[in-house]
Undergrad: 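Can you read through this structure? Questions will come right after.
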Amino acid sequence: MNFTSFFTHLTPQLVGKWGFYTGFGTASVMGALGLFTIDALTIRADPVFKHCLSKVQVDPEAMRMLGDGITPGKLRSYRLDAAKFEPTSNKTAKWREPRVQMIFDVIGTGPPYRPAIVTCEAVKSSFSFPPKLTTTVLKVDFETGNGEEGGIEGDQTIWLRGDREKFERVSNRSGLSLNCLANNMHINRAATK
């Protein structure tokens with residue numbers, strides 16, 4: 001049997017069945033590839049919030065300073081940076097991973113019942129499977145209480161991830177540092193007004 005006679009002897013039912021299977025399989029593979037690409041190139045704030053909150057909730061030093069049963073408050077502010085190629089010189093470009101910078105509040109439900117502001121930055125590794133979330137900066141700022149003569153003591157800081165250098169690094173994307181964004185939020189700002 002030669003090549004041409006093989007195709008001319010196929011029944012319409014067989015051609016239709018295998019055509020459907022081939023088309024359905026190709027569409028499924030292309031759909032899965034599209035979903036993986038979208039997932040790899042974007043980052044969502046809610047998984048980052050849950051990830052960072054869980055890190056704060058299980059940290060022994062945070063539990064000791066804020067109180068047991070650390071729960072989130074109502075404040076949540078974030079900035080998303082999508083993945084993109086960024087030009088570095090005339091002929092080269094650098095790949096920037098998707099990133100979230102976030103500030104949210106927490107409070108300890110056990111003694112000493114302290115509120116705190118959590119500042120975090122997370123980056124998603126785009127080309128790993130499955131895409132991996134990496135926390136580059138995670139810090140907790142809290143007040144220890146009123147000082148002498150009713151004055152307010154300075155912020156106390158717990159560094160869970162990262163350091164001051166990463167916190168003060170100015171972003172090429174926005175021209176701002178995470179420190180600049182966090183300075184606009186203070187634990188006792190509402191109490192002074």
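Sequence positions, counted from 1, serve as the residue numbers for this chain.
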Undergrad: With Arg161, which residues qualify under side chain to side chain contact (heavy atoms under 4.5 Å, CB included), at least two apart?
TA: Lys55, Thr135, Leu138
Undergrad: Test of understanding: clusters of I, L, V, M, F, W, Y form through side-chain heavy atoms closer than 4.5 Å, transitively. Do Val123 and Leu80 belong to the same one?
TA: no
Undergrad: Can you hop from Leu14 to Phe20 via hydrophobic side chains spaced under 4.5 Å?
TA: yes
Undergrad: Please name all residues satisfying side chain to side chain contact (heavy atoms under 4.5 Å, CB included) with Arg164, sequence neighbours left out, ordered by chain then number.
TA: Trp159, Phe167, Glu168
Undergrad: Honestly curious: do Ile38 and Leu33 fall in one hydrophobic cluster under the side-chain, below-4.5 Å linking rule?
TA: no
Undergrad: Among residues two or more places apart or on two chains, list those pairs meeting salt bridge (Lys or Arg N to Asp or Glu O under 4.0 Å) that have a residue in residues 43-52.
TA: Asp46-Lys50, Asp46-Arg76
Undergrad: Less than 4.5 Å apart, any side-chain heavy atom of Gln57 and any of Asp59?
TA: no
Undergrad: Suppose we screen for side chain to side chain contact (heavy atoms under 4.5 Å, CB included). Which residues come up paired with Ser77, at least two apart in sequence or across chains?
TA: none
Undergrad: Look up atom CD1 in Ile43 and atom CZ in Arg99, then write down how far apart they are to the nearest 0.5 Å.
TA: 10.0 Å
Undergrad: Working to the nearest 0.5 angstrom, can you tell me the gap between Ile158 CD1 and Asp141 CG?
TA: 9.0 Å
Undergrad: With heavy-atom distances below 4.5 Å as the criterion, would you say the side chains of Val56 and Cys52 are in contact?
TA: no
Undergrad: Atom CD1 of Ile107 and atom OG1 of Thr71: how far apart are they, to the nearest 0.5 Å?
TA: 6.5 Å
Undergrad: Has the side chain of Thr109 got a donor or acceptor atom that lies under 3.5 Å from a matching backbone atom of Asp68?
TA: yes
Undergrad: List for me each residue that meets side-chain hydrogen bond (donor to acceptor under 3.5 Å, both in side chains) alongside Thr92, sequence neighbours excluded, and say none if there are none.
TA: Thr88, Ser89
Undergrad: Tell me every residue that passes ring-ring contact (aromatic ring centres under 6.0 Å, His included) with Phe49, counting only those two or more places apart in sequence or in another chain.
TA: Phe104
Undergrad: Report the distance from atom CD of Gln101 to atom CD of Glu121, rounding to the nearest 0.5 Å.
TA: 4.5 Å
Undergrad: For Asp39, give me all partners under side-chain hydrogen bond (donor to acceptor under 3.5 Å, both in side chains), at least two apart in sequence or on another chain.
TA: Lys124
Undergrad: Quick test of your reading: applying side-chain hydrogen bond (donor to acceptor under 3.5 Å, both in side chains), list the pairs with at least one residue in residues 10-32, sequence neighbours left out, ordered by first then second residue.
TA: none
Undergrad: Can you give me the closest heavy-atom contact between Ala116 and Leu66, atom names plus distance?
TA: CB-CD2, 3.6 Å
Undergrad: What distance separates Ile117 CD1 from Lys139 NZ, expressed to the nearest 0.5 Å?
TA: 10.0 Å
Undergrad: Thr157 vs Val140, test: side chain to side chain contact (heavy atoms under 4.5 Å, CB included). Steps then yes/no.
TA: CA-CA 6 Å; Thr157 301; Val140 180; over 6 Å; no
Undergrad: Do Arg114 and Met65 come within less than 4.5 Å of each other through their side chains, counting heavy atoms only?
TA: yes
Undergrad: Tell me, please, which residues at least two apart from Ser125 pass side chain to side chain contact (heavy atoms under 4.5 Å, CB included).
TA: Ser128, Lys132, Thr134
Undergrad: Name all residues meeting the ring-ring contact (aromatic ring centres under 6.0 Å, His included) criterion together with Tyr113; count only those two or more places apart in sequence or in a different chain, and write none if there are none.
TA: none
Undergrad: Looking at Val106, Ile70, Ile103, which one forms a side chain to side chain contact (heavy atoms under 4.5 Å, CB included) with Val118?
TA: Val106
Undergrad: Any ring-ring contact (aromatic ring centres under 6.0 Å, His included) involving residues 51-84? Give me the pairs, sequence neighbours left out, ordered by first then second residue.
TA: none
Undergrad: What distance separates Glu86 CD from Lys94 NZ, expressed to the nearest 0.5 Å?
TA: 8.5 Å
Undergrad: Thr37: which residues meet the side-chain hydrogen bond (donor to acceptor under 3.5 Å, both in side chains) condition with it, sequence neighbours left out?
TA: none
